[in-house]
Structures are given as structure tokens and as C-alpha cells.
There are 2 protein chains.
Amino acid sequence: MSFTVDVRRRALAANDAEAEQLRRRFAGERTLVTNLISSPGSGKTTLLEATARRLAGRATAAVIEGDVATELDAERLRAAGLPAYQILTGGACHLDARQIGKALTAAAFPRVDLLFIENVGNLICPTTYDLGEDFKVALLSVAEGSDKPFKYPAIFARAEVTVVTKVDLLPHVRFDLPAVERQVLSLNPSATLLRTSSATGEGIDAWCDLLLERAARKRA
Amino acid sequence: MSFTVDVRRRALAANDAEAEQLRRRFAGERTLVTNLISSPGSGKTTLLEATARRLAGRATAAVIEGDVATELDAERLRAAGLPAYQILTGGACHLDARQIGKALTAAAFPRVDLLFIENVGNLICPTTYDLGEDFKVALLSVAEGSDKPFKYPAIFARAEVTVVTKVDLLPHVRFDLPAVERQVLSLNPSATLLRTSSATGEGIDAWCDLLLERAARKRA
């Protein structure tokens with residue numbers, strides 16, 4: 001087993017080195033990069049669709065989309081007006097920095113103000129792979145239950161922003177929002193929590209304002 | 001990379017060998033073993049709570065519970081009357097056969113008719129790790145969206161049973177049940193699909209009948 005751990009440690013070190021190169025590139029291009037991580041079906045793609053509508057004309061944006069299989073999400077995002085490059089991991093459970101570097105080259109990405117990386121739907125494995133992002137965003141749908149931050153602590157400890165999604169479903173599910181806030185803040189006292197519904201639009205302005213403010217700060 | 005792949009292949013081969021030992025043990029004990037796999041928050045624990053209530057007095061049952069962190073799920077299941085042994089993976093994204101073997105020894109599990117293994121919340125990584133189960137069960141909550149089988153094909157291809165959960169939320173979410181059925185059956189033509197709501201009890205009888213019928217067949 002220690003042999004396996006060692007292989008994993010070396011893979012993570014190699015990833016960190018590639019992520020630092022990406023971070024320098026994104027700094028030079030003044031692109032704000034977010035790494036969106038959640039369970040499958042928490043609403044990452046739907047949030048990005050709503051974000052594209054709200055940001056139109058205010059900032060340029062693009063997406064690198066990670067999935068085990070299918071180009072469905074990239075197609076949805078392109079239909080929403082976002083340039084989207086699909087990475088198919090072929091079974092792998094997370095994106096890595098090398099894949100992001102290749103995507104940027106292959107796609108000849110336009111210089112954008114905001115680059116969203118939508119990671120593979122998985123609350124565990126993507127957490128430890130730095131992709132050169134400015135910050136990680138964890139999404140948690142109210143349909144998933146309010147015990148998740150303590151059950152999956154690594155991502156909620158590392159995400160600067162936790163977005164509680166699908167709050168339009170709150171009347172129909174058992175979900176203790178204050179309990180989630182307490183868990184997230186105990187794991188990461190400086191975390192920002194947002195509550196959103198891509199269906200009703202609730203919270204989308206606050207999310208976009210946060211992005212635009214952070215993007216302006218990076219350009220300054 | 002090929003080095004990493006080779007390490008992974010050897011780990012899977014070792015796991016398969018341990019799983020075969022477990023399978024022989026479970027055959028000898030006439031215990032029906034299911035391996036429940038889904039995203040975080042799809043309702044695995046809640047389904048097992050509802051199952052425990054419905055099976056009380058009709059079959060003996062126990063649970064091996066896999067989580068990255070916290071004993072919350074095992075505590076819930078014990079409160080529902082199910083003997084539950086918690087495995088904490090400490091960050092690992094799936095259970096393996098060795099952990100199951102250790103749990104059976106450490107816990108001195110009673111011989112039961114039904115052993116449920118609730119895997120770590122993750123729709124990807126647990127798929128390839130045989131735990132000696134009779135069959136895998138994939139859960140998909142209607143809040144997760146109806147594109148999931150094609151987006152995460154490996155688990156839906158391998159699961160004998162797909163349980164669509166939280167159908168009480170159908171009036172409040174966009175979810176195309178016939179589309180999900182078409183995807184699952186195209187991935188696995190012999191799959192059984194069930195629709196359930198642990199909140200209303202819909203489908204719980206059909207699920208328990210399936211388990212009892214399979215358990216009786218194994219004892220025969």
C-alpha cells in the first residue's frame with residue numbers, strides 16, 4: 001500500500017508543478033479562474049447557464065468542462081453562449097492540471113475575463129488536484145441533505161465559496177441551512193456562502209457580483 | 001502514466017481475489033449482499049432506514065457503512081434498528097474488499113439474511129471495486145437530473161438494479177423518467193428499474209420484495 005501512496009504523492013507533486021505554470025499564465029492574462037466542484041447533479045452546469053445570461057455584455061467568459069462521458073454539458077453551455085471545451089476523462093474521477101494545459105492549447109482559448117472549470121461530478125477526488133485556479137467553488141444542492149459538509153470535509157475546507165443550490169426546493173425537502181452554514185464555517189472560517197436557485201434566479205446576482213469584483217481585483 | 005496504470009491494475013486484481021473469498025463466505029452463510037452506489041445525497045441511508053422498517057420481522061439485516069468522515073450514517077441506521085458497522089476511509093473515494101473482510105471480522109457480524117454495503121457517496125470510483133456482493137444497486141435522485149446514466153455509464157451498466165429515489169419531488173424538478181429508463185436499459189438491457197420515495201413510502205414494497213425474493217433464491 002505504501003508503494004501506491006508513493007505513486008499518488010508523486011502524481012500530486014507533478015500536478016502541483018503544472019498547476020503553478022497555469023497560475024502564472026492566468027495571472028499574465030488577468031483571467032479569473034474558478035474550479036467548480038460538487039456531486040453529480042448539484043447544478044454546476046445550470047448555474048453556469050444562468051451565469052452566462054447574467055454576465056452577457058459585462059464580462060467575457062469561457063468554460064472547460066470535465067466529464068467521464070458525453071459532451072452534453074459543453075453543448076448546453078455553448079447553447080447558452082459560452083465557449084466551452086469538453087475534456088472527456090474516460091473513467092477518471094477528476095481533472096488534472098495537464099488536461100487543463102492541453103485544453104488551453106488545443107482550443108486556442110480566447111483571452112477571457114472569467115474562465116470556469118467545471119470539474120467531474122465528484123465531491124471527493126477533484127479536491128486534491130490544483131488546476132491553477134484562483135479559488136475553488138463547492139456546490140451543494142438542498143436536495144442532497146444538510147449533513148454533507150462534515151461528511152465530505154476536504155472540499156468544504158478548501159473552497160473559498162460554497163454555493164447552496166436549488167433553494168427553490170427548500171419547501172419540499174428537509175434541509176437545515178443554518179446547520180450547513182455552521183459546518184462550512186467551522187471547516188473554513190473565511191468561506192463565503194451563497195444561496196442560489198438557477199430556476200428562480202435567486203442569488204445569481206450576488207454570485208455574479210462576487211465574480212466580477214474578484215475579476216476586477218485581478219485586473220487591477 | 002503507464003506505471004500508475006499498472007499499479008492500479010495490480011490493486012484491482014488483488015481486490016478481485018479478496019472479493020472472491022468474500023463471495024464464497026457469503027455463499028456459505030446464505031447472505032444476500034448488495035452494494036449500494038450513488039452520488040452523495042441520493043438517499044442511500046434514507047432508503048435503508050425505510051427498508052429496515054419494512055423488513056422488520058421478515059428478514060434479518062445488517063449494514064456496512066462507508067464514509068470519508070463521520071459516523072453519522074451508521075448512527076442513523078442503528079437508530080432504525082439495523083446493526084451497522086462504520087468504515088471511515090479517511091479520504092479514500094470508495095470501499096475495497098479488504099475493508100469489508102476486516103469489518104466482518106472486527107464486528108463479529110451476526111449471520112443475517114441481508115447485508116447492505118452502503119458505499120462512499122461517489123458515482124465513479126466505487127464502480128470498479130468488487131466487494132463480493134450479489135449485485136450492485138445504483139441510486140439516482142430525481143433532483144440530480146435525467147442525464148446521469150449516459151454521463152456516468154459505468155455504474156448504470158454494472159448495476160443489476162437502478163433505484164430512482166425521491167420521486168415525491170417529481171412535481172418540483174425537471175426529470176424525464178422515461179429518458180432515464182431508456183438510458184439505463186441501453187447500458188444494461190437486463191437492469192431492473194424501481195421508482196421510490198422514502199418520504200412517502202412509494203416503491204419501498206417493490207424494493208423489499210425484490211430483496212426478499214433474491215434472498216430466498218440464495219437460501220434455496
Side-chain angles (χ1 to χ4, degrees), chain A residues 1 3-8 10-11 14 38-43 45-46 67-73 76 89-94 98 120-128 140-155 165-166 168-175 183 199, chain B residues 1 3-8 10-11 14 38-43 45-46 67-73 76 89-94 98 120-128 140-155 165-166 168-175 183 199:
Chain A
M1 282 309 277
F3 181 63
T4 310
V5 169
D6 192 52
V7 169
R8 186 176 142 78
R10 268 183 287 160
S38 80
S39 305
S42 298
T45 310
T46 309
D67 279 296
V68 169
T70 85
E71 195 145 342
L72 292 168
D73 285 353
R76 284 174 57 189
T89 67
C93 52
H94 62 86
R98 191 183 49 83
V120 177
N122 185 326
L123 209 44
I124 304 170
C125 313
T127 306
T128 43
L140 172 63
S141 133
V142 301
E144 291 171 49
S146 26
D147 54 354
K148 294 301 169 289
F150 278 173
K151 287 189 63 186
Y152 301 85
I155 180 56
T165 60
K166 310 192 190 186
D168 55 291
L169 293 178
L170 279 173
H172 312 296
V173 296
R174 279 187 303 177
F175 188 82
Q183 291 171 62
Chain B
M1 281 310 276
F3 180 62
T4 310
V5 168
D6 192 51
V7 169
R8 185 175 142 78
R10 268 182 286 159
S38 80
S39 305
S42 297
T45 310
T46 309
D67 278 296
V68 169
T70 85
E71 195 146 339
L72 292 168
D73 285 355
R76 283 174 57 189
T89 68
C93 52
H94 61 85
R98 191 184 47 83
V120 177
N122 184 328
L123 209 45
I124 305 169
C125 312
T127 307
T128 44
L140 173 63
S141 133
V142 301
E144 292 170 49
S146 25
D147 53 355
K148 294 301 169 290
F150 278 172
K151 287 190 63 186
Y152 301 85
I155 179 57
T165 60
K166 309 192 190 187
D168 55 292
L169 292 179
L170 279 173
H172 313 295
V173 296
R174 278 187 303 176
F175 188 83
Q183 291 171 63

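The basis for the numbers below is simple: all heavy atoms, side chains too, and nothing from hydrogens, waters or symmetry mates. Throughout, protein chains are lettered first and strands after them, A, B, ... in sequence-line order, and every chain is numbered starting at 1. Values in this document were obtained by computation on a predicted structure and should not be read as measured data.
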In this structure, CD1 of A:I124 is separated from OG1 of B:T89 (nearest 0.5 Å) by 6.5 Å
Choice from A:G121, A:S38, A:G43 maximising heavy atom contacts with chain B below 4.5 Å | A:G121
When the 4.5 angstrom heavy-atom criterion is applied to A:C93 and chain B, the contacting part is both
With rounding to the nearest 0.5 Å, note down the distance linking CD in B:E144 to OG in A:S141.
-> 8.0 Å
In terms of heavy-atom pairs under 4.5 Å with chain A, which of B:A92, B:G91, B:P40 leads?
-> B:P40
Would you say the side chain of B:L169 lies within less than 4.5 Å of the side chain of A:K166, judging by non-hydrogen atoms?
-> no
Rounded to the nearest 0.5 angstrom, the CG-OG1 distance for B:D147 and A:T45 is 7.5 Å
Contact summary for A:V68 and B:K151, nearest pair of heavy atoms = CB-O, 3.7 Å
Separation of A:K148 NZ from B:L72 CG (nearest 0.5 Å) = 9.0 Å
Rounded to the nearest 0.5 Å, how far apart are OG1 of B:T46 and CZ of A:R174?
-> 6.5 Å
Taking all non-hydrogen atoms of both residues into account, name the closest pair between B:C125 and A:N122 and its distance.
-> SG-ND2, 4.1 Å
Out of A:P171, A:A199, A:A143, which one racks up the most heavy-atom pairs below 4.5 Å with chain B?
-> A:A143
